[in-house]
Amino acid sequence: MEMSKTYNPSEFEKRIYDEWEKNGYFTPKIDKNKIPFTIVMPPPNITGQLHIGHALDETIPDSIIRFKRMQGYVTLWLPGTDHASIATEVKIVDKLKEEGLTKAQIGREEFLKRAWAWKEKYGGRIVEQQKKLGTSCDWTRLAFTMDEKCSAAVKEVFVNLYNKGLIYQGKRIINWCPCCKTALSDAEVEYAEEPSFFWHLRYYFKDSDEYIVVATTRPETMLGDTAVAVNPDDERYKDLVGKTLILPIVNREIPIIADAYVDKEFGTGMVKITPAHDPNDFEVGLRHDLDAIRVMDDEGKMNENAGKYAGMDRYECRKAIVADLERLGNVEKIEPHAHNVGHCYRCGDTVEPIISKQWFVKMEPLAKPAITAVKRKSIKFNPERFAKIYYNWMENIKDWCISRQLWWGHRIPAYYCENCGETVVSKEFPKVCPKCGCEKFRQDEDVLDTWFSSALWPFSTLGYPNDTEDLKYFYPTDVLVTGYDIIFFWVARMIFSGIEHMKRIPFKDVLIHGIVRDSQGRKMSKSLGNGIDPIEVIDEYGADTLRYCLINGISAGSDIRYSQEKLEGCRNYINKIWNASRFVLMNCEGRKIKDISECKLSAADKWIISKLNSVIREVTVNMEKYEIGLACAALQDFVWSDFCDWYIELCKPALYGDDEKKKDDVASSLCYVLINTLKLLHPFIPFVTEEIYSHVPTAKGSIMVSEFPKYDLKHAYKKERADMGKIMEIIKAVRAIKTEAGAAPSAKVDMYVVTENKRPIISSETYFKRLANVNEVKFVAAKDEIGEKVVSKILGGAEIYIPLGELVDTEKEIARLKAELEKTENEIKRAESKLANQGFVAKAPKALIDGEREKLVKFNEIKQKILSGINELTN
RNA sequence: GGGGGCAUAGCUCAGUUGGUCAGAGCGCAUGCUUCACAUGCAUGAGGUCGUAGGUUCGAGCCCUACUGUCCCCACCA
């Protein structure tokens, strides 16, 4: 089948993906004699649709895995999806709301039924979208964080950590989202500065008209105050410690205590202490044995401890309390104040610090070896600077609140004896209470933080806790590719989990990428409406174009900008590849395509083979360093400039000639370069390369499982490379002469050459004819043999003269030569001053000094030639 | 309050261990209907590499300070 005239990706992408999948190319065959290469995919949420961030997140590892697969590794790219506890639950609740129902009304069992139905319905959607992108992951191993495998791992890990004392239940201050009605971990809270007020309140002493002033940003919490604290070193208040205050409105007696936590300099130096609603106050409360009085319920409404405010919403209550305090004369002043407020990362509601009984993971013992692993470079962050961010988090880590008051998720495997209240943590439902022998238990109502299961992903998906073949062969994985936004949520937790439970790091490299921004550098967001739907882009431009647009020119850790112009540029590049391939294949038709070792190769053939050889090395080296952007850039330069603009043009004289044998040789060389170029390109733009490859007569099978090109010293061809460089320089010079003189590029001209090395020029005459529209190449000993009306270009080692007759403007030519003279003289000056520098001659490497000397000689020669040229014209 | 990124041609960005490194793409100008491609070809204009010092024979590249800008972390009530 012929290749169609234009690049039309929609004609083949789907077909090709189906072929790959049908042939099982994505599924590795475990082979103990070969080296595995493994990547686990960051599991997208089942609530999600593929967005541009996913597209980037998946194109990078896909390029890496395709490269490694072609290099002969046994590659596994393991895909999966995440149950996304809160995100999914919120969606289900919303849907219930539309039906006029609540969670409580339908009950846990029915709710979970609906959640699973949701998963069945939407969980697969993103998978189909990933396939459109060309992701070469092993779908036979598709995992889900709540499938049997992963759930078994979660239970195993929970029980083990509990038995080691690393999971505990405690009543502590946690972040509470009144909207989602669940506890959150510290990582799940996002802080944003908001304009607010600083309320300065008067608290009177017991039986006195005197008062002190405390400042607060959350006046409603005063209902739960159980003390006022000052710094023990604060001379101003030393005498007040131990005195009793009367809490306004509530009329509770509260003491003034001394605690080092208080900053003397800030505010009034006196702090109201609310142990139930502030993490610091909670600590103070513990130290001073204060009561913790909760005044807010789980919905963010004031509770029975709030007296007459009970039932009010927290903000409503704030207003009411401030009004009441003002009326009572308890407000000293109110000043504007920018306040850092925590928000739920899922729903955006303001998070309340609330005292609550939750499950926690004790972090310090887990964090320590995880820090060491990175310090020792067992795990390497790329770019390295993200290791710092990681250390910063890990070294200051606090215990991880893992229980969530939700239904969708891994239910905590803790059971309470109905009789004596004993807690039993076990993988199975317990039979007998170890304490009282009773047989009745109820399971903890809560589920685990979504990230608890994500943390186990690199080994839970491979079969842990069972010692499976997969786990033995593929663990630890090789590289984790993800965005910097989830280093804390995910990367850090996988690292300590892998070390703790597998006794081995989960991956060797962490490749961090940035986020995709719009053309103006803004984050893509729903509210701005500047988001890009990757599926629409794929439908219009093809998956390869989108992929290339995302990875071309990226560097690790940096954000990238997406723009229509860039996208079109990438489409044009692929179109270029398409058409160059068409040209090669058209010229291979009916020809005898031989191995290049059996061909008589021209200088141009050897030149391109040598260039190809270099780019093979460059791509390979960069891909091994995960420098995808550099690999793409080097390749694009080779393909467009060397291969298309030069080599194909250099081949045309022979292809359009009548030497059939020569035509076979040129076609063979073109075909060789094309095949290897396609292979180099395949990891980045897999569809189009596969499609073209299928039309190449000498190519067999799928390019996806073909061997990646290898650098070969035999193909260095140093002499031909230098010769062709000279030829190309002359061609450019002739073109430039014509353009500058205002001659049409198509104007046939004679070319006079003064040179000591005629050989490469003689053998390249056809190139000058074809690429520079040269009539005839004539060698002369000196310029005066040519006559008047010539334009000259002095190159190192050759002088080029073109007689242009009437087109030669003597004045213009003199000016041009003078400009060139100036450039040359600058070069000479530069070289001279360098060589005059004692330090340079004494300390610089010899090759550099010699190079500088050679340059000086060369430019001096050129200078003389230009000078004589100017002289002649002036006379 | 800590920590980090970025600052190079009009725009978006490359510049690996300091020595042809001043680059690419887009845009711009001029010229091309040559049989792969106008989603193209050719030629060209454009930057004292944020500012000020320092190290070095030699600095976009290393060090220090500053300015601008973006981001992350942190309990300042």
Side-chain angles (χ1 to χ4, degrees), chain A residues 3 5-7 173 186 191 198 214-218 221 229 261-263 265-274 278-283 337 339-340 342 353 383 385-386 388-389 391-393 396 484-485 487-488 514 519 521 545 552-555 557-561 563 565-566 568-587 621-622 625 627 629-630 633 636-637 640-641 644-645 648-649 652 656 731-732 735-740 742-746 770-773 827 830 834 837-845 847-849 851-852 855:
Chain A
M3 278 175 73
K5 272 205 159 169
T6 50
Y7 162 57
I173 289 274
D186 293 340
Y191 288 88
F198 221 5
V214 293
T216 181
T217 52
R218 294 191 300 156
T221 63
Y261 149 69
V262 181
D263 181 350
E265 313 302 323
F266 191 82
T268 60
M270 303 196 104
V271 188
K272 62 189 255 332
I273 299 297
T274 322
D278 182 279
N280 291 308
D281 293 5
F282 177 74
E283 296 295 326
H337 180 73
H339 186 42
N340 216 13
R385 71 183 127 92
F386 286 102
K388 270 193 189 173
I389 295 178
Y391 295 140
N392 184 48
W393 194 70
N396 298 298
Y484 54 64
D485 46 339
I487 291 179
F488 305 139
S519 60
T545 298
N552 141 51
I554 57 165
S555 60
S558 303
D559 291 345
I560 64 163
R561 273 189 209 206
S563 69
E565 292 73 36
K566 205 172 184 176
E568 282 171 12
C570 295
R571 189 265 321 265
N572 295 353
Y573 173 46
I574 296 174
N575 183 63
K576 186 78 182 172
I577 294 167
W578 180 265
N579 276 294
S581 305
R582 268 182 64 222
F583 175 84
V584 173
L585 296 178
M586 275 164 54
N587 284 287
V621 166
N622 281 312
K625 291 191 290 190
E627 288 279 9
L630 294 180
Q636 178 166 336
D637 188 48
W640 208 318
S641 175
C644 295
D645 290 346
I648 285 183
E649 294 306 321
K652 283 180 179 173
Y656 298 151
I731 290 171
K732 281 188 182 183
R735 287 168 174 170
I737 284 171
K738 287 189 193 177
T739 306
E740 281 165 33
S746 53
R770 173 95 199 175
L771 274 68
N773 274 307
E827 287 298 321
R830 214 176 51 87
K834 256 193 169 174
N837 185 332
Q838 293 298 332
F840 178 74
V841 181
K843 292 185 181 175
L848 206 69
I849 300 167
E852 220 48 54
K855 243 189 270 178

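Residue numbers start from 1 in every chain, and the chains themselves are labelled A, B, ... in the order their sequence lines are given, proteins ahead of strands.
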> Could you tell me how far rG1(B) sits from rC21(B) if I compare only their C1' atoms? Round to whole Å.
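Result for the C1' pair: 41 Å, nearest Å.
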> How would you label the contact of Ala633(A) with the nucleic acid (heavy atoms, under 4.0 Å): base, sugar-phosphate, or nothing?
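Since no nucleic acid heavy atom lies under 4.0 Å of Ala633(A), the category is nothing.
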> Using a heavy-atom cut-off of 4.0 Å across all strands, would you classify Pro279(A) as base, sugar-phosphate, or nothing?
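Here Pro279(A) touches no strand at all.
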> Using a cut-off of strictly less than 4.0 Å, decide whether Asn622(A) has a side-chain nitrogen or oxygen near OP1 or OP2 of rU16(B).
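No, outside the criterion.
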> Which nucleotide, if any, forms a Watson-Crick or G-U wobble pair with rG1(B), using both distances under 3.5 Å?
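Per the H-bond distance test, rC73(B).
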> Could you check which of rC75(B), rA36(B), rG19(B) has an atom nearest any side-chain atom of Ala844(A)?
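Of the candidates, rG19(B) comes closest.
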> Does a distance-only test, which skips hydrogens and angles, find a donor-acceptor pair under 3.5 Å between the side chain of Arg561(A) and the base of rU12(B)?
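Not at all, since no donor on one side and acceptor on the other fall under 3.5 Å apart.
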> Given the P atoms of rU51(B) and rA45(B), what is the spacing between them in whole Å?
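After rounding to an integer number of Å, I get 25 Å for this pair.
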> Reckon Tyr391(A) has a side-chain N or O less than 4.0 Å from the OP1 or OP2 of rC72(B)?
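False: Tyr391(A) side-chain N/O out of range (4.0 Å or more) of rC72(B) OP1/OP2.
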> Looking at rA77(B), I'd like to know if its phosphate oxygens (OP1 or OP2) sit under 4.0 Å from a side-chain N or O belonging to His339(A).
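For rA77(B), OP1/OP2 do have a side-chain N/O of His339(A) under 4.0 Å.
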> Measure from the side-chain heavy atoms of Phe266(A) and tell me the nearest of rA36(B), rA77(B), rA14(B).
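It is rA77(B).
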> Pick the closest RNA chain B nucleotide for Arg385(A) and for Lys834(A) by heavy atoms, then say which residue is nearer the 5' end.
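Its nucleotide being nearer the 5' end, the pick is Arg385(A).
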> What interatomic distance, in whole Å, is found between C1' of rG68(B) and the corresponding atom of rG23(B)?
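rG23(B) and rG68(B) have their C1' atoms separated by 26 Å.
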> Report the residue (Asn575(A) or Lys732(A)) whose heavy-atom-nearest nucleotide on RNA chain B is the more 5′ of the two.
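With Asn575(A) and Lys732(A) compared, the 5'-side residue is Asn575(A).
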> Nearest to the side chain of Asn579(A), which nucleotide is it out of rA77(B), rA36(B), rU39(B)?
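Among rA77(B), rA36(B), rU39(B), the one nearest the side chain of Asn579(A) is rA36(B).
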> Can you check the distance between rC73(B) and rG54(B), where both ends of the measurement are the P atom (answer in whole Å)?
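Result for the P pair: 39 Å, nearest Å.
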> Would you classify rG60(B) as syn or anti? Syn applies when the glycosidic angle is within 90° of 0.
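Syn, which is what one calls it when the glycosidic angle falls within 90° of 0.
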> Given that both distances must come in under 3.5 Å, which nucleotide forms a Watson-Crick or G-U wobble pair with rG19(B)?
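Matched rG19(B) with rC57(B) under the 3.5 Å cut-off.
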> Given rC13(B), is OP1 or OP2 found less than 4.0 Å from the side-chain N or O atoms of Lys566(A)?
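Negative; the distance criterion is not met.
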> If the cut-off is 4.0 Å, is Lys388(A) near the phosphate of rG4(B), judged by side-chain N/O to OP1 or OP2?
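Yes, because at least one side-chain N or O of Lys388(A) sits under 4.0 Å from OP1 or OP2 of rG4(B).
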> Counting any heavy atom closer than 4.0 Å, what does Tyr261(A) reach on the DNA or RNA strands: base, sugar-phosphate only, or nothing?
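Answer is base: heavy atoms of Tyr261(A) come under 4.0 Å of a base.
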> In whole angstrom, give me the gap between the C1' atoms of rG18(B) and rG60(B).
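Rounded to whole Å, the distance is 11 Å.
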> Would you mind pulling out the nucleotide paired to rA24(B), Watson-Crick or G-U wobble, both distances under 3.5 Å?
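Here rA24(B) is engaged in a pair, and the nucleotide opposite it is rU12(B).
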> In whole Å, what separates the P atom of rA74(B) from that of rG3(B)?
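Roughly 15 Å separates the two P atoms.
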> Looking at Arg571(A), I'd like to know whether one of its side-chain N or O atoms comes within less than 4.0 Å of OP1 or OP2 on rU39(B).
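No.
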> In the strands shown, is rG68(B) matched to any nucleotide by a Watson-Crick or G-U wobble pair with both distances under 3.5 Å, and which?
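Pairing partner: rC6(B).
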> Looking at Asn622(A) and Glu627(A), would you say the former's side chain and the latter's main chain have a donor-acceptor pair under 3.5 Å?
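No, the answer is negative, given that no donor and acceptor are paired below the 3.5 Å cut-off.
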> Spell out yes or no: do the side chain of Glu649(A) and the base of rA36(B) have one donor N/O and one acceptor N/O closer than 3.5 Å?
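When only heavy-atom distances are counted, Glu649(A) does reach the base of rA36(B) through a donor-acceptor pair under 3.5 Å.
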> Counting only side-chain N and O atoms of Trp640(A), is one of them less than 4.0 Å from OP1 or OP2 of rG25(B)?
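For Trp640(A), the contact criterion (side-chain N or O under 4.0 Å from OP1 or OP2 of rG25(B)) is not met.
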> Phosphate oxygens OP1/OP2 of rA14(B): is one of them under 4.0 Å from a side-chain N or O of Ser555(A)?
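Result: yes.
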> Which nucleotide, if any, forms a Watson-Crick or G-U wobble pair with rC41(B), using both distances under 3.5 Å?
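Across all strands, the one nucleotide that pairs with rC41(B) is rG31(B).
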> Checking all strands, does Asn837(A) fall into the base, sugar-phosphate, or nothing category for heavy-atom contacts under 4.0 angstrom?
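If one applies the 4.0 Å heavy-atom cut-off, Asn837(A) turns out to touch the sugar-phosphate alone, with no base involved.
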> Please classify the nucleic acid contact of Lys652(A) as base, sugar-phosphate, or nothing, using heavy-atom distances under 4.0 Å.
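The answer is base, as Lys652(A) lies within the cut-off (heavy atoms under 4.0 Å) of a base atom.
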> Given rC72(B), rA14(B), rU43(B), which nucleotide is nearest the side-chain atoms of Ala736(A)?
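Given the options rC72(B), rA14(B), rU43(B), the side chain of Ala736(A) is closest to rU43(B).
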> What interatomic distance, in whole Å, is found between P of rC11(B) and the corresponding atom of rA7(B)?
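Their P atoms lie roughly 14 Å apart.
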> What's the closest nucleotide to the Asn340(A) side chain, out of rC76(B), rA42(B), rA36(B)?
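Out of rC76(B), rA42(B), rA36(B), the nucleotide with an atom closest to Asn340(A)'s side chain is rC76(B).
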> Roughly how many Å apart are rU16(B) and rC72(B), using the P atom of each and rounding to a whole number?
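Straight-line distance between the two P atoms is 28 Å.
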> Could you tell me whether rG25(B) is syn or anti, where syn means a glycosidic angle within 90 degrees of zero?
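Anti.
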